[in-house]
Amino acid sequence: MSVDDAAAPLSYPFPSQSALEPPAEFAELRERCPHARISVGGGEMTLLTRYSDVRAVMGDPRFSRDLSAEGAVSLSADGTDLFSQGDSGSMATSGEAHGQWRRMVSRWFTAKRMTALRPEIERMADELVDVMAEHGPPADLVAHLAFPLPVRVICSMLGVPDQDRERFAHWSHVMMNYSRFSREETAVSAAEFDAYMLGHIEAKRRDPKDDIISNLIVQTDGAGYRMEGAELLGTAKGLLAAGHETTANSIGKMTAALLADRSRWEALLADRSLIRTAVEEALRFDAQLGLGLPRFIGEEVAVGDAVLPAGTTAMLSMAAANRDATVFERADEMVLDRSPNPHIAFGVGPHSCVGQALARTEMQVVLEVMLRRLPGLELAVGVDELALDDGLIVTPLTELPVRW
């Protein structure tokens with residue numbers, strides 16, 4: 001079915017019937033209408049749900065992340081580009097300038113650095129489990145572990161004082177707003193965040209340490225490029241928000257999915273070598289990743305069996321694509337030893353998640369710690385009682401009550 005065949009735009013995002021299962025619309029649209037018209041935010045977009053289409057658009061440089069371009073549709077009804085809030089519109093989104101930015105930042109997320117960081121992440125996870133154990137069951141695993149661990153890790157990497165972690169968590173939460181916070185609340189939070197981070201950057205200029213911000217202030221790439229001013233501010237804010245919101249979401253969903261079917265948890269207890277593939281499968285299996293990724297095309301382009309006209313704003317659903325049965329055998333089952341697993345939870349191409357190695361490391365470490373420290377972990381409520389924290393670009397669980 002082509003884009004023009006849909007009679008009326010579908011309201012998006014689709015309502016969730018279950019926190020761990022995909023909306024029924026995903027499977028239907030992949031089959032009948034993989035390029036569906038949807039009503040979202042400030043207008044109409046085209047929702048892509050097939051794996052081949054989503055992956056192709058992610059890797060196509062003709063599709064832009066810039067929703068401020070003429071003719072592009074904003075995600076918010078008031079015209080605010082939610083995906084630019086973390087960078088204040090200051091960072092290049094394409095071309096060589098984006099490549100320079102990416103090379104500078106990616107130095108901090110190499111496999112070698114992540115290996116060196118693992119013991120510290122494990123120490124943090126153990127400390128958080130200590131506190132949760134002292135609290136006693138039932139306990140909310142989101143509040144005690146899934147959310148605070150990534151916050152601690154990224155704040156440590158950015159050189160942020162421990163006492164300011166809670167403020168950062170709030171500011172980044174508001175940055176991820178889709179419909180929960182008002183425009184005024186978002187503006188106030190953004191101003192506070194900017195002021196704090198500018199002060200933090202200036203403090204690092206005066207007294208640099210071995211952290212990302214200090215190094216970005218002084219380092220250059222091979223061509224002499226140095227990150228300055230608004231770009232440095234936007235990078236710091238973006239790393240903070242992306243560095244923990246999405247990972248906290250993934251840790252909570254991964255744990256919930258493993259405990260929803262006790263045989264999965266028992267399989268990992270019996271064979272810890274499955275941890276790496278289980279993490280990858282948890283990323284693929286998350287059917288509630290959030291809104292998706294918006295992309296704008298200024299020229300007519302063929303995608304799959306349809307032609308997207310110039311001026312189309314496309315919404316790429318990684319969650320729908322990752323359940324595509326033409327790519328993944330037993331797509332709706334959680335297969336802990338799935339390999340290969342070409343999921344696209346982190347995107348692909350020049351805009352794939354720069355911190356994906358960190359996210360993978362945190363998820364692997366926290367799973368190792370939970371299996372070691374809490375082998376009897378189980379859900380303290382029924383799966384049908386789990387709820388999503390709607391209103392954000394990502395959709396984490398509101399809470400995950402567990403006992404052990």
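Predicted, not measured: the structure shown is a model, and the values here were computed from it.
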Query raised in the report: Would you say the side chains of Arg360 and Ser250 form a donor-acceptor pair under 3.5 Å?
Result: no
Query raised in the report: Using 4.0 Å as the upper bound for N to carboxylate O, is an ion pair formed by Asp60 and Arg62?
Result: yes
**Report entry** Expected output: side-chain His144 to main-chain Asp140 donor-acceptor under 3.5 Å
**Finding:** yes
**Report entry** NZ or CZ of Arg338 within 45° of Phe328 ring axis and under 6.0 Å
**Finding:** no
Query raised in the report: Is the Lys NZ or Arg CZ of Arg323 less than 6.0 Å from the centre of Phe285's six-membered ring, within 45° of the axis?
Result: yes
Requested in this report: Examine distances only and state if a side-chain atom of Thr312 and a backbone atom of Pro309 form a donor-acceptor pair shorter than 3.5 Å.
Outcome: yes
Query raised in the report: Do you know which two heavy atoms are closest between Met334 and Ala257, and how far apart they sit?
Result: SD-CB, 3.8 Å
Query - CZ (Arg165) with more than 12 external heavy atoms under 6.0 Å - result: yes
Query raised in the report: Do His200 side-chain atoms and Leu158 backbone N/O form a donor-acceptor pair below 3.5 Å?
Result: yes
Report task. Using atom types as modelled and distance alone, determine if a side-chain donor or acceptor of Thr255 lies under 3.5 Å from a backbone N or O of Ile251. Result -> yes
Report task. Specify the closest pair of heavy atoms between Met132 and Ala139, including all atoms of both residues, with the distance to one decimal. Result -> CG-CB, 3.7 Å
Report task. Report yes if some heavy atom in the side chain of Trp265 is under 4.5 Å from a heavy atom in the side chain of Leu371; otherwise report no. Result -> yes
Query raised in the report: Are Val73 and Leu67 side-chain neighbours, meaning at least one heavy-atom pair lies under 4.5 Å?
Result: no
Query raised in the report: Just how far is it from atom CZ of Arg152 to atom CE of Met124, taken to the nearest 0.5 Å?
Result: 7.5 Å
**Report entry** Side-chain donor or acceptor of Ser16 paired with backbone N/O of Ala19 under 3.5 Å
**Finding:** no
Report task. Verify the neighbour count for atom CD of Glu228: are there more than 12 heavy atoms of other residues, nucleotides or ligands below 6.0 Å? Result -> yes
Report task. Look up atom CG in Asp210 and atom CE in Met157, then write down how far apart they are to the nearest 0.5 Å. Result -> 10.5 Å
**Report entry** Expected output: side-chain Glu362 to main-chain Ala248 donor-acceptor under 3.5 Å
**Finding:** no
Query raised in the report: So, does Glu378 use its side chain to make a donor-acceptor pair with the main chain of Trp404 at under 3.5 Å?
Result: no
Query raised in the report: Looking at Asp324 and Arg55, does any basic side-chain N land under 4.0 Å from a carboxylate oxygen?
Result: no
Query raised in the report: If you round to the nearest 0.5 Å, how far is CD1 of Ile154 from CG of Leu358?
Result: 6.0 Å
Requested in this report: Please name the pair of heavy atoms, one in Ile201 and one in Leu232, separated by the smallest distance, quoted to 0.1 Å.
Outcome: CG2-CD2, 3.7 Å
**Report entry** CG on Asp332 to CZ on Arg330, rounded to 0.5 Å
**Finding:** 11.5 Å
Query raised in the report: Counting only N and O atoms by type, is there a donor-acceptor contact under 3.5 Å from the side chain of Thr277 to the main-chain atoms of Leu274?
Result: yes
Query - Charged N-O contact under 4.0 Å between Glu127 and Arg123 - result: yes
Requested in this report: Kindly indicate whether the side chain of Ile393, heavy atoms from C-beta on, has any atom under 4.5 Å from the side chain of Met175.
Outcome: no
Query raised in the report: Sub-3.5 Å donor-acceptor pair from the side chain of Glu192 to the main-chain atoms of Trp171, do we have one?
Result: no
Query raised in the report: Is any side-chain heavy atom of Val142 less than 4.5 Å from a side-chain heavy atom of Pro396?
Result: no
Report summary line: Taken to the nearest 0.5 Å, the spacing of Glu299 CD from Phe63 CZ works out to 8.5 Å
**Report entry** Pairwise side-chain contact, Pro401 with Glu385, heavy-atom cut-off 4.5 Å (strictly under)
**Finding:** no
Report summary line: Only residue of Ile121, Val153, Leu117 satisfying side-chain contact (heavy atoms from CB on, under 4.5 Å) with Thr361 is Ile121
**Report entry** Pairing of Arg264 and Glu281 as salt bridge, 4.0 angstrom limit
**Finding:** no
Query raised in the report: Is there side-chain contact between Leu48 and His35, with at least one heavy-atom pair below 4.5 Å?
Result: yes
Query raised in the report: What is the minimum heavy-atom distance between Ala146 and Gly252, and which atoms define it?
Result: CB-N, 3.8 Å
Query - From Arg272, Arg373, Arg118, residue fulfilling salt bridge (Lys or Arg N to Asp or Glu O under 4.0 Å) relative to Glu368 - result: Arg118
Query raised in the report: Quick one: does Ile217's side chain get under 4.5 Å of Ser214's, heavy atoms only?
Result: no
Report task. Classify the angle between the aromatic ring planes of His351 and His98 as parallel (below 30°), tilted (30 to 60°) or perpendicular (above 60°). Result -> tilted
Query raised in the report: Does Arg262 come within less than 4.0 Å of Glu266, counting only side-chain N to carboxylate O?
Result: yes
Query raised in the report: Any side-chain heavy-atom pair from Cys155 and Leu240 closer than 4.5 angstrom?
Result: yes
Report task. Would you check if the side chain of Lys204 reaches a backbone N or O of Leu216 as a donor-acceptor pair within less than 3.5 Å? Result -> no
Requested in this report: Return yes when atom CD of Gln163 has more than 12 non-hydrogen atoms of other residues, nucleotides or ligands closer than 6.0 Å, and no otherwise.
Outcome: yes
Query raised in the report: Could you state the interatomic distance from OG (Ser317) to CG (Leu289), rounded to the nearest 0.5 Å?
Result: 7.5 Å
